[in-house]
Protein chains: 2
Amino acid sequence: MNIHSKQKPLSTQGGTGNKRGQIIHATIRLISEYGFHGTPISMIAQEAEVGAGTIYRYFKDKDALVLEIFEQVNKDFTTTMLHEYDADQPIQDRFIHLCWGIFRFGIQNPHEFKFMEQFYNSPYGTTLRREKLFCNCGDSSQELPLDKVFSTGQAQHLIKDLPLNALIAHSIGPIVFLVKDSIAGLIQLDNSTIDSSLKACWDAISVKRQESDIQ
Amino acid sequence: MNIHSKQKPLSTQGGTGNKRGQIIHATIRLISEYGFHGTPISMIAQEAEVGAGTIYRYFKDKDALVLEIFEQVNKDFTTTMLHEYDADQPIQDRFIHLCWGIFRFGIQNPHEFKFMEQFYNSPYGTTLRREKLFCNCGDSSQELPLDKVFSTGQAQHLIKDLPLNALIAHSIGPIVFLVKDSIAGLIQLDNSTIDSSLKACWDAISVKRQESDIQ
DNA sequence: AAACCTGGAATGAATATTCATTCCAAACAA
DNA sequence: TTGTTTGGAATGAATATTCATTCCAGGTTT
């Protein structure tokens, strides 16, 4: 048992006297902007206002630091998505709820959002994704909530019969683009813009009523 | 005038006796996988089967190498999109044509596609995007073909009145996700899958007929 | 031969990691 | 209370490694 395996909530961070949190936050900020290889330990130490050696008191090495952050951020992300989620609602409502969660997380945690993006775009992240850990870090036995919405929706003929990957692409793809644009200051994501975007996502994946269906 | 500014088509590459092309291709392959900071010159030299010093005979430094590659790849990308493009066709056809081009480019040039992705995700790429050079490298006076489709489509009330960024997100976002999944071997992008995905993109951005409009 | 190329060793700067030392707050002793 | 001890936390200089770039001895082309 050593100090490295201690787990603290990410929210307990930023104040002085909380070196660990300062290091984590500095790492997220810098890697979200410059990427893993683009942010030296020295830079992290400086941003965290901490000696370089101190970082190694809390984390085995740079890899362990980043990996631990990713796991925590990914957990927080899932929590945000599932906040007040009700699996008994209609499919469309559940879909919109989960997607709103992604927007919320991205807008409220821009650095964490870009950190995850960087992670998934790295070779390490690609491996993870291939292992189906996407959004499901640590518990691969349980079906992801969004996957569940898709399969249920398909069974009810409400959602198009596209491959699961494609449904995810049409839901999350646009959101990721929009959140990134929002973070970059290229677009203002107010509630009405988000609403209409989510409507567009739903239009993309949902089965359109046939004209003959209209009563 | 020096050797560095010479411009050769990327297609003239890979054979022995073509160091320059070997270097470019190795760089694309490696950076597409490991990113800019993750691929040292030594690795490029090894992959290109070339001495490290040789690289500096053809390119001023690492930055110049990568920038030149980006500009060429971006040009090829635009060319692929516009291949056999007819601006007199109906909006939906033009939209589908351009998006097909993105798929084609990504599937036929997976490394180049991921290279561009890496570039746009780097601080340098973000700057570029903010300068509105996206898809339009070198000639910012002319409106992008996809932008033109959107503005024309909106004027004809065929395309939803979403911000331009959102329309792009709903068009390109899903495609980028799908092509990346395809490159990672997570999905098989046959023509019918692409067709239905593009249909989904169109459904996302197009104005749906009101029930009362149906004759 | 003269001009040019090439590979890879050499160089110095940047980076990750280690470690001897300092610092400090709490426990204890007076 | 006041001074002393002590153990873990913090530090940043020192070390080991990696990197971008330069250099040059030999090879190739013309």
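Just so it is clear: chains get the letters A, B, ... in the order the sequence lines come, proteins before strands, and each one is counted from 1. These values consider heavy atoms only, across backbone and side chains, with no hydrogens, waters or symmetry-generated copies.
Between the P atom of D:dT21 and the CD1 atom of B:I23 lies a distance of 14 Å, rounded to the nearest Å. Atom CZ of A:R57 and atom C1' of D:dG8 are 7 Å apart (whole Å). Atom pair A:Y56:OH and C:dT15:P shows a separation of 13 Å (rounding to whole Å applied). The distance between atom CZ of A:F59 and atom P of D:dA9, rounded to the nearest whole Å, is 14 Å. For the pair B:I41 CD1 and C:dG7 C1', the computed distance is 15 Å after rounding to whole Å. Atom CG in A:L65 sits roughly 11 Å away from atom P in C:dA16 (whole-Å rounding). Taking atom CD on B:Q46 and atom C1' on D:dT18, their separation rounds to 14 Å, with Å as the unit. Between the CG atom of A:D61 and the P atom of C:dT17 there is a distance of 5 Å, rounded to whole Å.
Taking every side-chain heavy atom of B:A52 into account, C:dG8 is the closest of C:dG8, D:dA20, D:dA10. Which of C:dG7, D:dA9, D:dA20 sits closest to the side chain of B:K62 comes down to D:dA20.
Residue B:Y58 places at least one side-chain N or O under 4.0 Å from the OP1 or OP2 atom of C:dT6. Of the side-chain N and O atoms in A:K60, none sit less than 4.0 angstrom from OP1 or OP2 of C:dT17.
For A:E47 and A:R29, the salt-bridge test passes: some basic side-chain N is under 4.0 Å from an acidic carboxylate O. Using a 4.0 Å cut-off between charged nitrogen and carboxylate oxygen, A:K199 and A:D195 do not count as a salt-bridge pair. Contact check on A:K160 versus B:D203 returns a salt bridge, with a Lys/Arg side-chain nitrogen under 4.0 Å from an Asp/Glu carboxylate oxygen.
Stacking of B:K19 on the aromatic ring of B:Y58 is not recorded, the 6.0 Å distance cut-off and the 45° axial limit not both being met.
Here the two rings, on B:F36 and B:F70, have centers that are 6.0 Å apart or farther.
Between B:V50 and A:D63, it is B:V50 whose nearest contact on DNA chain C lies nearer the 5' terminus. Toward the 5' end of DNA chain C, the nearer of the two residues A:G53 and A:M43, judged by each one's closest nucleotide, is A:M43.
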